[in-house]
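Heads up, the thing below is written out as structure tokens.
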Amino acid sequence: MRILLDAQLPQALVRPLERLGCDVLHTLDLPEGNRSADNLICSIADRDGRVVFSKDTDFLRGHLLHGTPAKLLIVATGNIGNRDLTTLLLRVLSELNRLFETHVLIELNRKALVVRH
């Protein structure tokens with residue numbers, strides 16, 4: 001899976017996801033870093049076939065209203081430590097890979113993956 005991690009998610013997620021075969025970009029890798037505009041993040045993700053992983057509901061609104069980013073994982077875990085978030089993401093990664101083959105909007109909460117449409 002090709003992923004673009006938004007600024008609200010820790011850069012520490014990059015390596016564990018890469019170890020499992022993902023191609024991962026974090027907003028810190030972009031020229032404007034974590035100050036990159038949402039439309040730039042969406043444009044890069046859509047151009048490169050990446051799924052945007054974010055806690056930011058602005059991406060959800062953009063996806064629903066304009067279809068961009070084309071694929072989106074909304075992380076709805078609330079306040080969660082980096083270690084617990086990493087464990088949770090790695091535990092559901094293979095299911096995310098499978099679901100994103102046919103779906104474009106998925107929510108991850110502490111208990112489940114929810115396909116939104």
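These values consider heavy atoms only, across backbone and side chains, with no hydrogens, waters or symmetry-generated copies. These numbers were taken from a predicted model, which means no experiment stands behind them. Numbers for residues simply follow the sequence, beginning at 1.
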Starting from the C-alpha separation in whole Å, work towards a yes-or-no answer on salt bridge (Lys or Arg N to Asp or Glu O under 4.0 Å) for D84 and R110.
CA-CA 10 Å; D84 290 339; R110 290 180 190 238; 5.7 Å; no
Does L5 form a side chain to side chain contact (heavy atoms under 4.5 Å, CB included) with V14? I'd like the steps, not just the answer.
CA-CA 8 Å; L5 295 173; V14 172; 3.9 Å; yes
Is a side-chain donor or acceptor of [X] paired with a backbone partner of [Y] at a separation under 3.5 angstrom?
| X | Y | value |
| --- | --- | --- |
| N109 | T77 | no |
| K71 | V52 | no |
| E107 | I74 | no |
| H63 | T68 | no |
| D46 | S43 | no |

Evaluate the side-chain proximity of H26 to L4: yes if any heavy-atom separation is below 4.5 Å, no if none is.
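Of all side-chain heavy-atom pairs linking H26 with L4, none is under 4.5 Å.
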Is any side-chain heavy atom of N39 less than 4.5 Å from a side-chain heavy atom of H66?
no
Out of curiosity, [X] [atom1] to [Y] [atom2], how far, rounded to the nearest 0.5 Å?
| X | Y | atom1 | atom2 | result |
| --- | --- | --- | --- | --- |
| L88 | L93 | CG | CG | 11.0 Å |
| L99 | I106 | CG | CD1 | 4.5 Å |
| D6 | F53 | CG | CZ | 12.0 Å |
| R50 | R2 | CZ | CZ | 4.0 Å |
| S94 | M1 | OG | CE | 9.0 Å |
| R47 | L40 | CZ | CG | 8.5 Å |

E18 vs D23, test: side chain to side chain contact (heavy atoms under 4.5 Å, CB included). Steps then yes/no.
CA-CA 6 Å; E18 287 177 337; D23 177 345; over 6 Å; no
For residues [X] and [Y]: do they belong to one hydrophobic cluster (side chain heavy atoms under 4.5 Å, members Ile, Leu, Val, Met, Phe, Trp, Tyr)?
| X | Y | result |
| --- | --- | --- |
| V75 | L64 | no |
| L20 | L113 | yes |
| I41 | I44 | yes |
| V51 | L85 | yes |
| L9 | L73 | yes |

For L17 and I3, run side chain to side chain contact (heavy atoms under 4.5 Å, CB included): C-alpha distance rounded to whole Å, both residues' side-chain angles, the deciding distance at 0.1 Å, then the answer.
CA-CA 9 Å; L17 290 168; I3 299 167; 4.2 Å; yes
For [X] versus [Y], what's the shortest heavy-atom pair and its separation?
| X | Y | answer |
| --- | --- | --- |
| D56 | D58 | OD1-N, 2.8 Å |
| P69 | F59 | CD-O, 3.9 Å |
| L105 | F100 | N-CE2, 4.4 Å |
| A70 | V104 | O-CB, 3.2 Å |

Under a 4.0 Å threshold between the charged nitrogen and the carboxylate oxygen, would R98 count as salt-bridged to E95?
yes
Take L96 and E101 through the test side chain to side chain contact (heavy atoms under 4.5 Å, CB included) and record every step on the way to the result.
CA-CA 9 Å; L96 280 173; E101 289 177 12; over 6 Å; no
